[in-house]
Protein chains: 2
Amino acid sequence: MGNKISDERKKEIIDGFYHLSKQNGIENTSIAKIGKHLGMPPSLVMHYFPSREILISNLISFILERMLLIYQPMLAELEEQNYADPHTFVDRLFSRDWNLLLDDGVFYSCYSLIFRNKRIKNEYRALHEKLRENLKEILDRDENLEDKDTELLAEQIFVVVEGAYYYLSMFDDPEVYEQKVAIFKDQVYELLRKNEVLSS
Amino acid sequence: MGNKISDERKKEIIDGFYHLSKQNGIENTSIAKIGKHLGMPPSLVMHYFPSREILISNLISFILERMLLIYQPMLAELEEQNYADPHTFVDRLFSRDWNLLLDDGVFYSCYSLIFRNKRIKNEYRALHEKLRENLKEILDRDENLEDKDTELLAEQIFVVVEGAYYYLSMFDDPEVYEQKVAIFKDQVYELLRKNEVLSS
DNA sequence: CGATATATTGAACGTTCATTCAATATTATA
DNA sequence: TATAATATTGAATGAACGTTCAATATATCG
């Protein structure tokens, strides 16, 4: 259905935008630089994304899609086996695989735009609500959590995860980093434990 | 001791930079615009802040100082009475007074710079560690928490607060906002309760 | 007061920016 | 193959950018 060349070019341009933003920041990545990076004139970039604003808007969609991708394997498992271990999910949330798929610098740069752009804010909120719904589904399938307020629990777990990511980004020393990750992971485990029916 | 005019001008310029960044974002606030806003030529701005980088660096110091200011009244109380109620402190952490003193958009914009600038990262980390130390002092003075790992507890409390701020920024509806604040506040209370010696 | 330092001005620099446009090449369609 | 649609080029635009500089005003101080 959709135009092939057009779609590929668009993807290529957003990829390039993301790549350069990772290195130099969004604010230092111009249309001209994207063009040069991809070996095309800036006018071609603008042919596909008629303004810088639209370009940024598409970068954000790209980033949010990537973020969902991180959860894909876990959700596939849930679909297949009709069950996924919440603890494994939490482990994955705290794993650094994350960073391979999504640059935190670009992510938070885009995040900071929510304060001046309502559409971006809505997109970000929708993503975060989706993440919570995913977790809720996993929790709902766990018999240890039967009849518990899994929506609340998902909310509480994610707020720890998100706070942890925010805070941990300030630490480079792997040892300190891992030690702190362990603390926050425990904090989430504790939330689960508190809700679980004793079964052993 | 220090030069009066110079200091006042510097303060004035950073104030203006902050003001305009709040409206249009840091990335859209140029030296020329700051000058125009304050009725001075851009060359005067650069006389006090020889490069844009230095200007941004000073804006960040300004922001981090403001953030510490928010805790001032609480810490003054601690100093005076050698005690401050942790629950009151938590309430204050979640109060929206915050937003009056510090714009979240500017704050997170600057935060996103930590990923490409080590000095900024260190400044941010130092601030966050200071915040935790402040809370630890409060917790240490509370007899219900005697002999507890208050450092750990402070870390766990702040990670919820920071995650909450990150997440709550996506919600405009005051009703939804307040409902979620209540959840996260409870989550922190629960952390305190878990550690408190039963005394009633 | 005279000298020295600081504050302030305004013009100018070259560069980069986002964006436009008309011309040309390529591809799809009839 | 003729025609229409799309892709691509390259040159050009004016505006805004950060930064420099020499000149002038004002304050400081011996």
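As the structure is a prediction and not an experimental result, all values here were calculated from the model. Here is the naming used below: chain letters follow the sequence lines, and residue numbers restart at 1 for every chain.
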Legend entry - Modelled atom types, side-chain donor and acceptor of B/Tyr83 and B/Glu143, under 3.5 Å: no
Legend entry - Length of the line joining B/Asn28:CG and D/dA15:P, which is rounded to integer Å: 19 Å
Legend entry - Minimum-distance nucleotide (side-chain atoms of A/Lys33 versus C/dA7, C/dC17, D/dG18): C/dC17
Legend entry - Candidate nucleotides C/dT9, D/dT19, D/dC17, ranked by approach to the side chain of B/Ser51 - the nearest: D/dT19
Inset, instruction - For A/Arg119 and A/Asn122, test the side chains for any donor-to-acceptor distance below 3.5 angstrom and give the result as yes or no. - result: no
Inset, instruction - Kindly point out which of D/dT19, D/dT9, C/dT8 is positioned nearest to the side chain of B/Pro42? - result: D/dT19
Legend entry - Interatomic distance, A/His47 NE2 vs C/dA22 P [rounded to whole Å]: 15 Å
Inset, instruction - Kindly point out which of C/dA7, D/dT19, D/dC17 is positioned nearest to the side chain of B/Tyr48? - result: C/dA7
Legend entry - Out of D/dG18, C/dT8, D/dT9, whichever nucleotide has its closest atom nearest the side chain of B/Ser30: D/dG18
Legend entry - d(CD1, B/Ile31; P, D/dC17) in whole Å: 9 Å
Legend entry - Separation of A/Ser21 OG from A/Ile34 CD1 (nearest 0.5 Å): 7.0 Å
Inset, instruction - Could you check which of D/dT19, C/dT20, D/dA7 has an atom nearest any side-chain atom of A/Met46? - result: C/dT20
Inset, instruction - May I ask you to establish whether B/Arg92 and B/Tyr71 are in a cation-pi arrangement, using a distance under 6.0 Å from NZ or CZ to the six-membered ring centre and at most 45° from the ring axis? - result: no
